[in-house]
Every structure is written in C-alpha cells, then in structure tokens.
Amino acid sequence: MDTKMKKHLEELDILGYTVVEDVLTAEEVAEVKRRITDIYELQKEETAPFFDLTKTDENNIARAPYIYDDYFYRLLSHPTIMPYIKELLGDYFVLFGQNGVLVQPEEEHSMGRWHRDLSHMNFVCDPPLAINMFFCITDFNERTGATKVVPHSHKIGYPPSPEYLEKYGISVNAKAGSAFFFNAMSFHKSGTNTSGETRIGLSHMYTKYILKQQMDIPALLDYKQPDDPFMQMLLGFGSWVPNNVLNYRKVRYEAGLQKKAKANAGNAM
Ligand SMILES: O=C(O)CCC(=O)C(=O)O
C-alpha cells in the first residue's frame, strides 16, 4: 500500500472520514452534474402520477442513477476507489446504493438531520461494516452546504445528544472532483447552502455482503447479471435474497451459461 493511501486510511479509521483529491477530472465532474440533474428531473416526472416528489423527503435526491445511465454504472467500480473499499471491507463487498444528493440554496434537505447511514444501529463495529464515498461534484465547504461530520462518532455505541452533535460537528471541505469517504456509522448531515448555487454529491455506499442493499439491485437489473465476476459480486448477484423460485433459477441459469461460455472460450484457445 502506498503512503498516500495509508494516510487516508488512518484518517478514516481515527476521525471517521477522509478526502482524496483529484479523483474525477473537470470534464467528468461537468458530465455528472449535467446527467444527474437530467435524471432527477426525469424521476420527478415518473413520480408525478402518484405524488409530488418535491413535497417529500425524496426531494432533491436522484436515486440509483446507474439504472438510468451507463455513465453512472461505470462509476460504481471506479479504479481509484475500489482499492480503498477492498482495504476497508475485505475482498467480498456489495454496493448498498448510489444516489445523487442535491442541496439547493436556502432550502432544507431531508439529509440535513443528524444520522448514521445504518439507521437504528447503535453499536460499534471494527472493522467497519459500511463505507460511504461521495464524489464531490461541486465544491464542498461551509458556504455551499458541505457534509457536516462529528469526528470519531463512528466509535461510540450510542447516539450523542443534539447539543454534542451541534457543538462538535464540522464541515468537511473538499474540492469538486474529490472523493470524500466516511464510515457510515459516523454521525453526519448535509450542511446549509448559502452559496446561491446547487451543491451536488454523488454518494456510493459499500457494505459487507451480509447487509441488505438499499434496493433489490438484481431485480432493478431485471436479473441480468453482468459477465464480470467483480460486478456480479458488487451488485449483489452472489448474496441477494431471491424473491421467488423462478428468479432464483434465472440467475443460476445465466451463471451456468456464462461458466460454459468461458470454458468453451478456454478450450478454443
Ligand atoms: O448531502 C450530504 O452532505 C449528506 C448526505 C447524507 O447524509 C447521506 O447520503 O447519508
């Protein structure tokens, strides 16, 4: 492991968070910004026949963008990020979810309340069960509504008082293009945006495979598992809970076909 990674993992272990700069290029950041905004607009339209998304806690959250656009699918296994997640969670882990979090100027956000990402779990876990990684798509600072984190709070097995959280919570500064990692058991919330511009983060939570995913990802992908064994693992095809016998068998059947195709390719060489 190089010294840079060592330093970040130490911060993440002790403080509960760390920022790795310059992971996405300016072009990638601009692309994500444009695409996530389009997906959020589309999701508002999809929800409109049922209710007004903007009047719910889902306001300004773009859920599972990788289902809508391959650009986001490719970011799930970003080559700079995966080695960190492997160090933290071991070789077998899954994606809990990928979500765009848009914090609008002078607007409250449902993520603006102190929380842990594994809700209702007030216990200490070492090694970690879940790591959140935000791509910062805009600058994160006190003015733009950067995430606020309470340092070391992933190490306590009970929720601190509201007074403690407010007193010791700090805004984590990160430039657009950075990867902001935090232990999912750290108390955190989105900050208040007074910058006049939308603040955008693209969250990716990775967990040990024994935890439930945010959504049934194999179902979202219509039970079509990718060829790549790493992506099969990441998306939960190796650890999901099938919702019926047929779907259980469909995934096993496809896995069998892929195995055969690989064996045949090997024989042909
Ligand atoms: O938007 C933020 O800064 C925090 C988002 C958050 O709390 C979460 O994704 O769990």
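Here, residue 1 is the first one in the sequence, and each next residue gets the next number. First listed ligand is number 1; within each ligand, the first listed atom is number 1.
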Practice problem: State plainly whether the residues D139 and K175 are in salt-bridge range, i.e. N to O under 4.0 Å. | Solution: no
Quiz item: Hey, are K189 and E166 close enough for a salt bridge, meaning a charged N less than 4.0 Å from a carboxylate O?
Solution: yes
Quiz item: Tell me, which protein residue and heavy-atom name are nearest atom 10 (O) of ligand 1, and how many Å apart are they?
Solution: D117 OD1, 2.8 Å
Quiz item: Side chain, backbone, both or neither: which part of T147 has a heavy atom under 4.0 Å from ligand 1?
Solution: both
Quiz item: Looking only at protein heavy atoms, which one is nearest to atom 5 (C) of ligand 1, and how far off is it?
Solution: F134 CZ, 3.5 Å
Quiz item: Taking non-hydrogen atoms only, is H109 closer than 4.0 angstrom to ligand 1 via side chain, backbone, both or neither?
Solution: neither
Quiz prompt | Ion pair check, R35 and E31, cut-off under 4.0 Å | solution = yes
Quiz item: With the threshold set at 4.0 Å, does a side-chain nitrogen-carboxylate oxygen contact exist between E58 and R63?
Solution: yes
Exercise. Show which atoms of ligand 1 fall inside a sub-4.0 Å distance from at least one heavy-atom site of V101.
Key: 1 (O)
Quiz item: When you measure from atom 1 (O) of ligand 1 to every protein heavy atom, which one gives the shortest distance, and what is it?
Solution: R199 NH2, 2.8 Å
Practice problem: Indicate yes or no: at least one non-hydrogen side-chain atom of S110 is less than 4.5 angstrom from one of I61. | Solution: yes
